[in-house]
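See below for the structure under consideration.
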2 protein chains.
Amino acid sequence: MPRPLVDLLWRDSPSASAGGSRGPRARYSTGDVVARAIALADEGGLTAVTVRALAQSLEMTAMSVYTHVNSRDDLLVLMADHVYARMTSTPFGRAAWRTRVRRVADDNLALLRTHPWLLDVDDPRTALGPGTIAKYDHELRAFDGTSIGDIHRDAALTFVLDFVRSSASRIVTRPATGEFGELWEESVASLARYVGDDFALAQRVGRAAGEAMGGPHDAEREWAYGLDRVIAGLGDAISG
Amino acid sequence: MPRPLVDLLWRDSPSASAGGSRGPRARYSTGDVVARAIALADEGGLTAVTVRALAQSLEMTAMSVYTHVNSRDDLLVLMADHVYARMTSTPFGRAAWRTRVRRVADDNLALLRTHPWLLDVDDPRTALGPGTIAKYDHELRAFDGTSIGDIHRDAALTFVLDFVRSSASRIVTRPATGEFGELWEESVASLARYVGDDFALAQRVGRAAGEAMGGPHDAEREWAYGLDRVIAGLGDAISG
DNA sequence: GCCTGTGCTGTACGTCGTACAGGGTTTACT
DNA sequence: AGTAAACCCTGTACGACGTACAGCACAGGC
């Protein structure tokens, strides 16, 4: 049985226990297994990351996966921490907090674009990993130079990252599941018969927003609008 | 086989087709089935809403559920629309948009508190339901009296509701899965050995935020902070 | 009267995560 | 050197899940 999750997360740490060297050497390292799982997820989403599929991708039996990882849930945590650790962060330089927050947001959106499955990983144990902690430490520094308190600093970062996550969820899943499919057309058609002239406001605004979505760069426009609101809201609390 | 999802959603609409009256009468109406599913979800989360469990709760066979609903995914949409339709909304009265937004946020938080499983329902087809549309129509009116454009009005509401959803997710899942469990204690203990004195900022802020969570009313404090940021951010775009 | 649409059921398939019991291989200890 | 422990890997199997399919019984329209 593998080591507990925390030790697997910190397997590259200098203070990690070497681990008994008895028995045959593993054909793959923990990092290999996690990397292959990430490749599967990038290609087919989290539903493609089944123990059996991962095993086949590694030319092992399903049960052999459990030599490297305690459970599928643990694997997801390892995957998330892996991409967090290797995330490219735009350096803050001497920029003020507003541009720093913009960079944090943009970097996180980019990450979620390349690894959309991150949106489906919601395990608090991710916070135990070195990648997550390093990311947290770095992003907290976006508010360096302000007089924000510790608790508010955490809350502010959470506020930013929550916004990114929500927006990314809409941005990422739209083109895939998008408005297409004939079944959707039929649904909208019969929906129109039901609503009739009721909910006039909802219809007008919904149509306007929907048509804008068809436009060229509107996902970016909505992103920009939201991010402006986030920063304006924080500005109200930070630097007056 | 049941009618398509849109027709099930609008089953109480006057323009709904009566439906053939041939064959034995159903022992339960669609509303009954949905209501029982919601009861199961309120009690045990979405994972408790299995077709078999729902069937047993209705004293039917598993397959009989499919007489009323086309699939489990459709059922989830019906459940969501049901609670949206019956959601209690604090009337706006003559309040200004800021207090209206506060009421929208509070009402939605209350709804997510009583039905936490709503956080796990993420199906775009929910937008086809009368409850969702009515809710959308009502909440859009929070910005009545402002000079906001249609697209921005939609974006602003989305911004508010996304914040509520993220915050509610943290508020709701904390006490249940909370910091308890001896396995978590062990993890944190060995984590401390790995981090050592690195990531000083993350440790300091994380500890401050973590300890505040243990406090009496801190979930409310974080909620208030975020909601203030949301409204301040919107204020920057609406009424300058 | 029959036909047709409807509610309900029993059986069964494929997929999932994973418990359990081994077997082979390498190192550590006596 | 011999033994035991630790380790990687495998095969089989279980219980849960959603649901396809075929068939039954019942009610109304012709």
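Naming: A, B, ... by sequence-line order, numbering from 1 per chain. Atoms considered below: every heavy atom in the structure, side chains included; atoms not considered: hydrogens, waters and symmetry mates.
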_Under the criterion side chain to side chain contact (heavy atoms under 4.5 Å, CB included), I'd like the reasoning laid out for B/Val104 against B/Leu161: C-alpha separation, chi angles, the key distance, then a yes or no._
CA-CA 8 Å; B/Val104 168; B/Leu161 294 184; 4.1 Å; yes
_B/Tyr28 vs B/Glu59, side chain to side chain contact (heavy atoms under 4.5 Å, CB included): CA-CA, chis, key distance, verdict_ = CA-CA 10 Å; B/Tyr28 297 97; B/Glu59 293 171 313; 3.9 Å; yes
*Ignoring hydrogens and geometry, is there a side-chain-to-backbone donor-acceptor pair from B/Thr67 to B/Ser64 under 3.5 Å?*
yes
*Would you call A/Leu58 and A/Val33 a side-chain contact if the rule is heavy atoms closer than 4.5 Å?*
yes
*A/Gln203 and B/Asp137: side chain donor to acceptor below 3.5 Å*: no
What pairs of donor and acceptor atoms, side-chain ones from residues 188-198 of chain A against any protein atom, are under 3.5 angstrom apart with sequence neighbours left out?
from     : atom 1 : to       : atom 2 : distance (Å)
A/Ser190 : OG     : A/Glu186 : O      : 3.0
A/Ser190 : OG     : A/Ser187 : O      : 3.3
A/Tyr194 : OH     : B/Asp7   : OD1    : 2.6

*Got A/Tyr136 and A/Asp154 here, is their nearest side-chain heavy-atom distance under 4.5 Å?*
yes
*Mind running a 4.0 Å heavy-atom check of residues 49-57 of chain A against DNA chain C and sending the residues that fall below it, in number order?*
A/Val49, A/Thr50, A/Val51, A/Arg52
*Any pair with a residue in residues 21-37 of chain B that passes salt bridge (charged side-chain N to carboxylate O under 4.0 Å, His left out), sequence neighbours left out, goes on the list, sorted by first then second residue, please.*
none
*Which letter, B, S or -, goes with each nucleotide of nucleotides 1-9 of chain C from 5' to 3', with contact meaning a protein heavy atom under 4.0 Å?*
---BBBSBB
*Stem ranges for DNA chain C, with three or more consecutive Watson-Crick or G-U pairs under 3.5 Å?*
C:2-4 with D:27-29, C:6-24 with D:7-25, C:26-30 with D:1-5
*Please tell me if the side chains of A/Ile151 and B/Glu222 come closer than 4.5 Å, counting only heavy atoms from C-beta onward.*
no
*Heavy-atom distance under 4.5 Å between the side chains of A/Asp162 and B/Phe163, does that happen here?*
no
*Going 5' to 3' on DNA chain D, which nucleotide is the first and which the last to come under 4.0 Å of a heavy atom in chain B?*
D/dC17 to D/dG29
_According to side-chain contact (heavy atoms from CB on, under 4.5 Å), who are the partners of B/Asp107, at least two apart in sequence or on a separate chain?_
B/Met87, B/Ser89, B/Thr90
*asked:* The criterion is salt bridge (charged side-chain N to carboxylate O under 4.0 Å, His left out); which residues satisfy it with B/Arg3, sequence neighbours excluded?
replied: none
*Contacts of type salt bridge (charged side-chain N to carboxylate O under 4.0 Å, His left out), residue B/Arg207, not counting sequence neighbours*: none
*Are A/Trp117 and A/Val49 close enough that some pair of their side-chain heavy atoms sits under 4.5 Å apart?*
no
*What are the residues of residues 6-17 of chain A, sorted by number, that bring a heavy atom to within less than 4.0 Å of DNA chain C?*
none
*Not counting sequence neighbours, which residues clear salt bridge (charged side-chain N to carboxylate O under 4.0 Å, His left out) with A/Asp74? List them please.*
A/Arg125
_B/Met60 and B/His68: CA distance, side-chain angles, deciding distance, side chain to side chain contact (heavy atoms under 4.5 Å, CB included) verdict_ = CA-CA 12 Å; B/Met60 309 195 275; B/His68 302 88; 4.0 Å; yes
*Return the residues of residues 69-81 of chain A meeting this criterion: a heavy atom under 4.0 Å from some atom of DNA chain D. Order them by number, or give none.*
none
*Is there a side-chain contact between B/Val121 and B/Met79 (heavy atoms, below 4.5 Å)?*
no
